[in-house]
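Chain letters run A, B, ... following the sequence lines, proteins first and then strands; every chain starts at 1. Worth knowing before you read on, the calculation uses all heavy atoms, side chains too, and leaves out hydrogens, waters and symmetry mates.
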Amino acid sequence: MTAASLLPLLVLAMIVVAGVQIGRRALLWRSGSFADVDWVAGVKALPKRYLVDVHHVVDRDKSASRMHVPVAAGLVGSAGLLVLGLVPGIAGSRIYWAVVALAFAVMAAGVVLVARRRYPRAMPRLSLGRYQRTPVYLGLFAGGGLLCALLASFGDPLPFFSFLGLILAAAGGLALAAQAATGPMRHALAGAAHLALHPRPERFDERLPKGRATGLKPIDLDAAKLGREEPADFAWNRLLSFDACIQCGRCEAACPAFAAGQPLSPKHLIADLAAASGGGHASAYAGNPYPNERSVAREGGLHHAVIGTGGMVHPDTIWSCTTCRACVEECPMMIEHVDSIVDLRRYQTLEHGAVPGKGADILDNSRLTDEPNGHDVATRTDFAAGLDLKRLDDGARTDVLLWMGQAAFDMRGQRTLRALIKLLKEAKVDFAVLGEERDCGDLARRLGDEATFQRLARANIGALSKVGFQRILTADPHALHTLRNEYPAFGGDYEVVHHTAFLNDLVASGRLSPARLTGAAITYHDPCYLGRYNGEFDAPRALLDALGLERREMARSKRKSMCCGGGGGAPIADIPGDNRIPDLRMEQVRQTGAATVAVACPQCTAMLEGVTGDRAEVRDVAELLLDAVEAGRGEKAKTEARAREVETA
Amino acid sequence: MKTTVLLSAARHPVSGREALARLEAQAIALATRLGGDIRGLHAGPESDALREALGVGLSKIDRIDAPNGSDPMEDLASHLRAAGPDLILAGRRGQGGLDSGLLPYRLAERLGLTLVADAIAIEAGSEAGTVRIDQALKKGDRRRVTVRLPVIVTVHPLAPPPAAFAYGAARRGMISTHPVNDPIRQEGQGSEWEERPYRNRPKLMRTASASSGDAAEKLFVDPDPKEAARLILDYLERNGIRQF
Ligand code: SF4
Ligand code: SF4
């Protein structure tokens, strides 16, 4: 008997060991709550989701895709080939062993690349501990297998070395299999299952607009428990999704709260959620700690509250999140961090009223006055006194319904809105506002108050159904996202446009003629809720380019843009860190050397303008366009005057 | 300890919607700290304010089904007489509707109970059957009194902030409805109140009075002008306003 002939048995042993391990995890997943999953469609879509969607994300970090392809292909290939070797006759062929050796060689090459990311020193976002040891096991398996198979392809001239190879491969392979449920290799099976049974299958469908896959899902307000308290409350495929995490740390590197030293790391949170469900046999976390970590008991269990000083995660962690989705965008395992964070918040808010900072006031106001800051919604148009803003009475019609949002109550936001209104008048757009516009409910929803959100959504949909309009225009990406993507669940289907896209169309179609502005360079800050949430990156840029200013991009822009810190109620929860997120973002603006940062969201405006010291000027795209249009009008008047002079002369 | 928190028919100052008065929410928070059996009591038609009260810490509310606009005093008094709580909490002033702010006083009179106004903290007393109450007085003064139960206590805005509203708790809380005892009163009475447009009142100047402690030395009636000047200069110097 040759050593090589034992390799297929080793693979079988690995499969059995891994199967038992992962089976134990699967039992845990089954303890999760109900989820409506289309298994057939999911499994059918798996190859495409893996090869296209996952690869797309993995490939953004070249060092990751270069290592992952050979390791995964080599591992799956060699194991598959070896199982094939159980068919009598095949294992006798030298060519077969040469092919097996090739698969092992591919894998070994990949392992070298894996090791390069970790030795001599691991990239800071990676986890250590078991994760640091994995390349060793992979290397033993690949190297030992290669030696053994290669010798077999030469007719096994050196049996001692063949056996040595077998032993090394067995040590590495069984070590990998043994930690299939708790270690890094868990991501392989859990990840594949997660892709097939993903809680948001719509995110893999390119035909759907991006926003369709980013809106929060409503919860049943009559359910016995509102929100998620313990691991067993999460849908089973969410528990599965936590297990898919490979702790690559890309989410952490992108997370603005982590960068600002607030006690949040999306990677750590997902690892904690995975560990929490397992209770007893959770492996120790070996990544970066939460910045300024708050101490908690770190006790878990399927029926143990996750959040709280007696649980796994401190409440400050979930309240630090700005819901910017940078983590979701970066995650190669397609994990939806924001959904889980909001679900955890929902439980805290709805069942315990445990909202930090000014949250309780904001929610009281939203509940009792329909406006987060307690303003009388009937005074929302007061800022536009003198602008002759048309208000729609019930039954009246207009082409464009202008949704003003919270900006109408904020002096800075009002400047932007006034600029927008002037531009709309200039372009002779038929537009009007609602007689009584309640808050869209975005803030209440992200603060976990689903009850208030649903009430506001229904009230607004009721008000909108009484008037006629073609589309809704808004300068607030949060309102845009909520109206466009979250109201359909309550029966409100609207065409909602952002003012940057709308104004861009007006300029492109010649209804607005801006002059070319002169001056220093400009940079554009993508609002999370317009960019990552709705995939709108181009219209604001095209509009800025039409103004003739030099436009510079920040290192983090478009999909990778960094949040201003204003979303998700984070400024209201106001969890202290080392830095403020807008300060970090303003520093990135400074690095471009631009004198002006163009924004397209009242929240971004407020956050970035709140940065003290010498900084770039913060102007909304609408304000810049108004400058250009007014300059253009000046020029037109001059040319006309000149023409008249010529005539009279 | 049995505590009853009186709930009025307050309205939100901005939206005019039925809402729990903040002082009553604070009263609920004080009662929760004290512990024991806590119930809310309201006389009047159903109101969203009661759900609000359930959301900030009450789990049980008794509602006397009195008609809108009627004087709730008799209904409350007879209910309280039957229920016999040790501690009755109310806000210190009316916050909407036909509230006059006098209800706790009228109740105290009717039930023959002691009333302690403007509480900011309530603890169990060292002796059984007593409570220790911190009262907020003018200019940040505090007074601690120990009273024997039962007692009516009104709550001051400087009491600890109320608990945050929790929808789940509001949903779980129980409101039990009780019919009005007196059949004649079920009809409701016309309001004796008269509506008049709001008029700004002149601001009251602070006045010194001879009786109030150290103010006495500063009150001089009809002094000789020279003497008055000397007193003023003295005063300014003593307080470091004028220096030589
Ligand atoms: S959650 Fe996703 S991005 Fe974050 S560490 Fe895990 S796999 Fe990586
Ligand atoms: S949504 Fe943004 S702030 Fe929240 S965890 Fe993800 S990256 Fe961090």
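Nearest heavy-atom pair, B/Ala164 versus A/Ala360, reported as atom, atom and distance to 0.1 Å: CB-CB, 3.7 Å.
Open room surrounds CZ on B/Arg93; 12 or fewer heavy atoms of other groups in view lie less than 6.0 Å from it.
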Using only distance (under 3.5 Å, no hydrogens or angles), which donor-acceptor pairs connect chain A and chain B?
| from | atom 1 | to | atom 2 | distance (Å) |
| --- | --- | --- | --- | --- |
| B/Ser15 | OG | A/Leu368 | O | 2.6 |
| B/Arg17 | NH1 | A/Arg367 | O | 2.9 |
| B/Arg17 | NH1 | A/Leu368 | O | 3.4 |
| B/Arg17 | NH1 | A/Asp370 | OD1 | 3.4 |
| B/Arg17 | NH2 | A/Asp370 | OD1 | 3.0 |
| B/Arg17 | NH2 | A/Asp370 | OD2 | 2.6 |
| B/Glu52 | OE1 | A/Arg367 | NH2 | 2.7 |
| B/Glu52 | OE2 | A/Arg367 | NE | 2.7 |
| B/Glu52 | OE2 | A/Arg367 | NH2 | 3.4 |
| B/Tyr167 | N | A/Leu350 | O | 3.1 |
| B/Gly168 | N | A/Leu350 | O | 2.6 |
| B/Arg171 | NH1 | A/Leu221 | O | 2.8 |
| B/Arg171 | NH1 | A/Ala223 | O | 2.6 |
| B/Arg171 | NH2 | A/Ala223 | O | 3.0 |
| B/Arg171 | NH2 | A/Ala224 | O | 3.3 |
| B/Arg172 | NH1 | A/Glu351 | OE1 | 3.0 |
| B/Arg172 | NH2 | A/Glu351 | OE1 | 2.9 |

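Contact of A/Leu350 with chain B is made through backbone and side chain together, with heavy-atom distances under 4.5 Å.
Here A/Leu221 is the residue among A/Leu221, A/Leu363, A/Val377 with the most heavy-atom pairs under 4.5 Å with chain B.
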